[in-house]
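FYI, side chains are in, hydrogens and waters are out, and symmetry mates aren't considered; it's all heavy atoms of this structure. Letters A, B, ... mirror the listed sequences (proteins, then strands); counts begin at 1.
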Amino acid sequence: MEPKKIQAPLSDEDVMDLKAGDNVLINGVIYTARDAAHKKLVELMDKGEDLPIDLKGQFIFYVGPTPAKPGQAIGSAGPTTSGRMDAYTPRMLEKGMKACIGKGLRSQAVKDALVKHKGVYLAAVGGAGALLSKKIKKSEVVAYPELGAEAIHRLEVEDFPATVINDAYGNDLYEEGAKQYAR
Amino acid sequence: MRELAASTISDHVAEMCEEANIYLGQDVFGALKDALETEESPTGKEVLKQLIENVEIARDEQIPICQDTGFAVFFVEWGQDVHLTGGTLEEAINAGVRRGYDEGYLRKSIVKDPLFERKNTGDNTPAVIYTDIVAGDKVKIHFAPKGGGSENMSAVKMLKPSDGEEGFVDFVVNQVKTAGPNPCPPIVVGVGIGGTFDKVAVLAKKALFRPVGQSHPDSRFAELEKKIKEKINDLGVGPQGFGGRNFALAVHIEDYPSHIASMAAAVNLNCHACRHLEREI
Ligand code: SF4
């Protein structure tokens with residue numbers, strides 16, 4: 001099946017169009033955050049303060065790239081293990097985040113929150129850092145520069161490939177895919 | 001006695017850090033291509049195509065295959081007729097890592113203390129270094145940058161001798177099943193059996209340095225490697241866990257004699273970015 005082109009940010013309707021197993025190509029602006037940035041964002045939410053970025057409709061990509069070589073927009077940039085963000089993801093969805101991109105298993109709490117808040121979890125191919133870096137046309141730090149590679153970056157992406165793992169209907173590609181090919 | 005300058009070791013190490021992170025070995029690259037041939041799942045095929053393209057882009061553009069350029073792990077076979085001058089081996093290796101990770105634009109992923117501040121050391125040191133003193137006047141350095149995602153899904157278990165082959169196989173397969181998509185499949189499974197609690201973990205790590213496709217010299221273990229690989233692939237987890245027939249590219253077992261009361265076992269996982277290099281100096 002041909003991959004679906006999707007444009008960031010996402011509306012509720014866009015999210016409801018995505019099903020576990022769909023291959024997509026993401027275009028537009030997405031943001032990065034890893035453990036340290038998530039921790040800071042959730043601390044601000046706890047204090048009721050404004051966040052440095054508006055999460056409404058946004059994609060968050062879990063990534064810590066290699067340093068860019070001169071002339072490169074970004075270094076190798078594949079996804080990191082999403083499970084480390086599980087504790088924070090329901091809060092991010094509450095604040096309007098619509099999609100997150102990483103690799104690996106999510107907790108039941110995250111899957112439930114995706115259904116409740118209409119969100120999707122996608123996986124990019126883990127370890128395809130060189131290939132994915134070519135899909136990122138521009139990268140700039142928008143918050144927490146002191147975190148270095150872990151700072152929140154704004155990325156402009158073109159046809160960034162990812163696969164829907166957990167959709168807003170409660171489906172899980174990791175479970176269904178393995179069942180289909182198990183012997 | 002042959003004299004060898006510490007700076008020579010550092011030069012080799014710096015080059016190896018860059019080379020290993022940019023060029024995937026032909027053994028693993030070939031295994032990825034073979035997997036593409038046998039894969040039944042369309043999504044699995046798509047993943048494998050991306051992985052093959054990724055290796056080519058990294059090579060052509062001289063950028064790291066994966067952004068996790070790893071913990072620098074070394075196994076050094078030191079010929080006992082070699083005298084190192086101008087510094088210690090540890091300093092020489094760390095100096096090489098520092099330079100290689102800086103000049104190669106590799107990610108620095110090491111924090112100084114594991115529990116409290118977790119402040120990045122800024123240069124990817126210190127390395128993890130194992131040394132064996134061997135006969136002769138040569139030095140052989142084996143290097144692997146070890147990613148965190150797959151390392152985190154590894155385990156040691158002190159099995160009972162009565163658990164037998166079945167208990168051993170179950171332990172390995174269950175550990176890999178639990179890991180699921182997290183270690184970036186298709187994976188290489190390093191397995192240790194025998195020795196002590198610490199020794200078995202090192203065996204499993206060492207197993208990841210063996211060229212993919214080379215089986216254990218003892219035919220009984222070689223058979224077991226094949227059997228475990230089949231069982232793992234029959235889980236259906238497939239490339240990246242999206243479902244498919246290629247969850248593991250290879251299973252490598254390393255063994256050591258055992259205490260009469262023990263049967264230690266360890267699983268150390270590696271992703272498809274199974275980077276390893278060796279050089280003889
Ligand atoms: S597990 Fe391997 S391929 Fe995946 S992110 Fe880590 S180093 Fe890269």
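For Ser41(B), the parts lying under 4.5 angstrom from a heavy atom of chain A are both the backbone and the side chain. The parts of Ile65(B) that come within reach of chain A are both its backbone and its side chain, each placing non-hydrogen atoms under 4.5 angstrom from that chain. Both the backbone and the side chain of Ala58(B) come within contact range of chain A, judged by heavy atoms closer than 4.5 Å. The part of Gln72(A) that comes within reach of chain B is its side chain, from C-beta onward, which places non-hydrogen atoms under 4.5 angstrom from that chain. Proximity to chain B (any heavy atom under 4.5 Å) is shown, for Ser82(A), by neither the backbone nor the side chain. In this structure, the portion of Leu235(B) lying under 4.5 Å from any heavy atom of chain A is its backbone and not its side chain. With a 4.5 Å cut-off on non-hydrogen atoms, Ala124(A) touches chain B through its backbone but not through its side chain. Neither the backbone nor the side chain of Lys231(B) comes within contact range of chain A; no heavy atoms are under 4.5 Å apart. In this structure, chain B has a heavy atom under 4.5 Å from the backbone of Ala77(A), while its side chain stays farther away. For Ser150(B), no part sits under 4.5 Å from any heavy atom of chain A, backbone or side chain.
Residues Val120(A) and Ala168(A) come closest through the heavy atom pair CG1-N, 4.4 Å. Minimum interatomic distance between Val212(B) and Ala250(B) (heavy atoms only, all atoms of both residues): CG1-CB, 3.9 Å. Looking at every heavy atom in both residues, Asp14(A) comes nearest to Pro9(A) through OD2-O, 4.1 Å.
Two residues are said to be in side-chain contact when any heavy atoms from C-beta on lie closer than 4.5 Å; Val142(A) and Tyr31(A) meet this criterion. Two residues are said to be in side-chain contact when any heavy atoms from C-beta on lie closer than 4.5 Å; His276(B) and Asp27(B) meet this criterion.
The residues Asp46(A) and Arg91(A) are annotated as salt-bridged, a charged nitrogen and a carboxylate oxygen being separated by less than 4.0 angstrom.
For the side-chain contact (heavy atoms from CB on, under 4.5 Å) with Phe59(A), the lone residue among Val29(A), Thr32(A), Ile101(A) that qualifies is Ile101(A).
If you tally non-hydrogen atom pairs under 4.5 Å between each of Gln180(A), Lys179(A), Lys134(A) and chain B, the highest count goes to Lys134(A). Counting heavy-atom pairs closer than 4.5 Å to chain A, the top-ranked of the candidates Gln62(B), Arg118(B), Glu46(B) is Gln62(B). For the set Ala123(A), Gly78(A), Ala68(A), the count of heavy-atom pairs under 4.5 angstrom toward chain B peaks at Gly78(A). Interface check for chain B: of the options Thr163(A), Thr81(A), Ile165(A), the most heavy-atom pairs under 4.5 Å are formed by Thr163(A). Heavy-atom pairs under 4.5 Å with chain B were tallied for Leu173(A), Val125(A), Leu132(A); the largest tally goes to Val125(A). Contact tally against chain B (heavy-atom pairs below 4.5 Å) for Pro161(A), Ser76(A), Ala20(A): the top residue is Ser76(A). Comparing Gly127(A), Gly102(A), Gly104(A), Gly129(A) by heavy-atom pairs within less than 4.5 Å of chain B, the highest count is held by Gly127(A).
Tyr169(A) carries Lys19(A) over the face of its six-membered ring, with the cationic atom under 6.0 Å from the centre and within 45° of the normal.
Atom CD of Gln67(B) sits about 10.0 Å away from atom OG of Ser133(A), to the nearest 0.5 Å.
Aromatic ring pairs are classed by plane angle as parallel below 30°, tilted from 30° to 60° and perpendicular above 60°; the pair Phe61(A) and Phe160(A) is perpendicular.
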- Item | Worked verdict on Ser10(B) versus Arg99(B) for side-chain hydrogen bond (donor to acceptor under 3.5 Å, both in side chains) | CA-CA 8 Å; Ser10(B) 303; Arg99(B) 180 155 23 112; 5.0 Å; no
